[in-house]
There are 2 protein chains.
Amino acid sequence: MDPKNAADPAPSRQGRPRGSYAKSATTKAAILDAALAVFAEGGYRAGSLREVAARVGISETGLLHHFKSKSRLLELVLERRDELAAQFVPRPEPDGVQTMHGLIALAEFNASEPGSVELYCTLSAEATSPGHPAHLYFKRRYEGTRSALEYAFSNLLDRGLLAEGVTPDAAARATIALMDGLQVQWLFDRSALDMAAELRLHLMRITTLEL
Amino acid sequence: MDPKNAADPAPSRQGRPRGSYAKSATTKAAILDAALAVFAEGGYRAGSLREVAARVGISETGLLHHFKSKSRLLELVLERRDELAAQFVPRPEPDGVQTMHGLIALAEFNASEPGSVELYCTLSAEATSPGHPAHLYFKRRYEGTRSALEYAFSNLLDRGLLAEGVTPDAAARATIALMDGLQVQWLFDRSALDMAAELRLHLMRITTLEL
DNA sequence: GTCTATATGGCGATAGAC
DNA sequence: GTCTATCGCCATATAGAC
């Protein structure tokens, strides 16, 4: 199949580089899928390009033709996963109550996607080490999530919907911590824990909402 | 220094193997210290025996003379760290209020021992993978901690000291999750978070205690 | 775009001298 | 108890043919 004659998903324009044709795009997508699974199972350091290539059914060099390095591949895997999760807690969301519902929906979604949970759990812990290729990514991500949640809880505070003595900052940190910690326990025993239910109980303790 | 003439920490008895003399014991302790630091920094898989040996100042074979394999070394590191932390939440503790104070003391202790926190955070996430050498250790440990805390919260429930609608089981899981999750955030930015203070706020929300 | 072949290096573990 | 030397394996990444 000659790419010049293949159906082109993005209609050709003058000056557009010739690299991005259908075959390449589907191969890249397959690589990202496999890489997410491999990094999820054992983290970044334990996951190998060899394993990713084997799952896709290409050679290591074939893989490296699309992604120049292992760390670059990781970056794109994280970016891609973010796009999936973004629909659950769209930022900015002015209504704090909506954010609370979004969090619970996210927890439910996570329970149906063990791969994503594994990826984030394993990588976030691994990336606490300053030299890790995803260190900055997670640092920024935590700060972004924290400030988004603080904003949501501030909205609830303004409307008198926060429990007594709860501050938006502490509520944001505690909620993130709870979600992260529940995921670890869930990965060790997925039948023993309902992440969304536990999160709901927590949110009902720190707010006056019925969720 | 001839070991036969050295002060023997465990007085010699007939039939006792000759291996365990003072020199060996101090070397082993030094190895465990170094191994804890190395495993804490990058996890088990990324940490190397080479690095441990270099920090102790011996060769890899010298190291492997004391610990037959890398995974065996990890087991002993975990055992040793457990002995240190055991004094903070001695089990069984019949008084639930005492357990709450013990948890806060543990969080304070942890903040003074970044190495221990790194070790547990990184390893517990890495060990969610079933083939990991510490998988069973963490699975048992989570169950043990959960049941110990459930017992403590049950005691509080019996004495009418639990907040409305809080069950001992959910309280135990949520408390563990919160502590774990706070540690991750703390490792990314140690100045932004007071783990003990956040834990205290959480415990005061789910109980009627003044902590 | 994908391949074979290879460079380069770190890893855990063993053999055997001292 | 500690060492040097080495084995065998796996890793990332590059060079160059097709």
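Computed from heavy atoms alone, side chains included, the values below leave out hydrogens, waters and symmetry copies.
Nucleotide dT2(D) holds its C1' atom 15 Å from the NZ atom of Lys28(B), rounded to whole Å. Distance, Leu63(A) CG to dA11(D) P: 13 Å, rounded to whole Å. The distance between atom CZ of Phe67(A) and atom C1' of dT12(D), rounded to the nearest whole Å, is 16 Å. Taking atom CZ on Arg72(B) and atom P on dG12(C), their separation rounds to 17 Å, with Å as the unit. In this structure, Leu64(A) atom CG and dA11(D) atom P are separated by 13 Å, rounded to whole Å. Protein atom CD1 of Ile31(B) is 14 Å distant from nucleotide atom P of dG12(C), rounded to whole Å. For Lys70(A) and dC10(D), the NZ to C1' distance is 11 Å, given to the nearest whole Å.
Contact check on Glu75(A) versus Arg72(A) returns a salt bridge, with a Lys/Arg side-chain nitrogen under 4.0 Å from an Asp/Glu carboxylate oxygen. Salt bridge Glu143(B)/Arg146(B): present, at least one basic N to carboxylate O contact under 4.0 Å.
A pairwise comparison of heavy atoms in Leu178(B) and Ala174(A) identifies CD1-O, 3.5 Å as the closest pair. The shortest heavy-atom contact between Thr175(B) and Ile206(B) is OG1-CD1, 3.8 Å. Taking each heavy atom of Cys121(A) and Leu187(A) in turn, the nearest pair found is CB-CD1, 3.7 Å.
When the nucleotides dT12(D), dG1(C), dG12(C) are ranked by their closest atom to the side chain of Glu60(A), dT12(D) comes out on top. Of the candidates dC3(C), dC3(D), dA13(D), the closest approach to any side-chain atom of Ile58(A) belongs to dC3(C). In this structure, the nucleotide among dT2(D), dA13(D), dG1(C) sitting nearest to the side chain of His66(B) is dT2(D). The side chain of Thr61(A) sits closest to dC3(C) out of dT2(C), dC3(C), dA13(D).
Of the residues in residues 44-55 of chain A, Gly47(A), Ser48(A), Leu49(A), Arg50(A) come within less than 4.0 Å of DNA chain D through at least one heavy atom, sorted by number.
Dashed line: the shortest gap from a side-chain N or O of Ser69(A) to OP1 or OP2 of dT14(D) is not under 4.0 Å. An OP1 or OP2 oxygen of dG1(C) is reached within less than 4.0 angstrom by a side-chain nitrogen or oxygen of His65(A). Within the 4.0 Å cut-off from OP1 or OP2 of dC3(D), at least one side-chain nitrogen or oxygen of Ser59(B) is found.
Every pair tested for salt bridge (charged side-chain N to carboxylate O under 4.0 Å, His left out) that includes a residue from residues 125-137 of chain B fails, sequence neighbours excluded, so the list is empty.
For the salt bridge (Lys or Arg N to Asp or Glu O under 4.0 Å) test, residues two or more places apart in sequence or in another chain that qualify with Arg55(A) are Glu41(A), Glu51(A).
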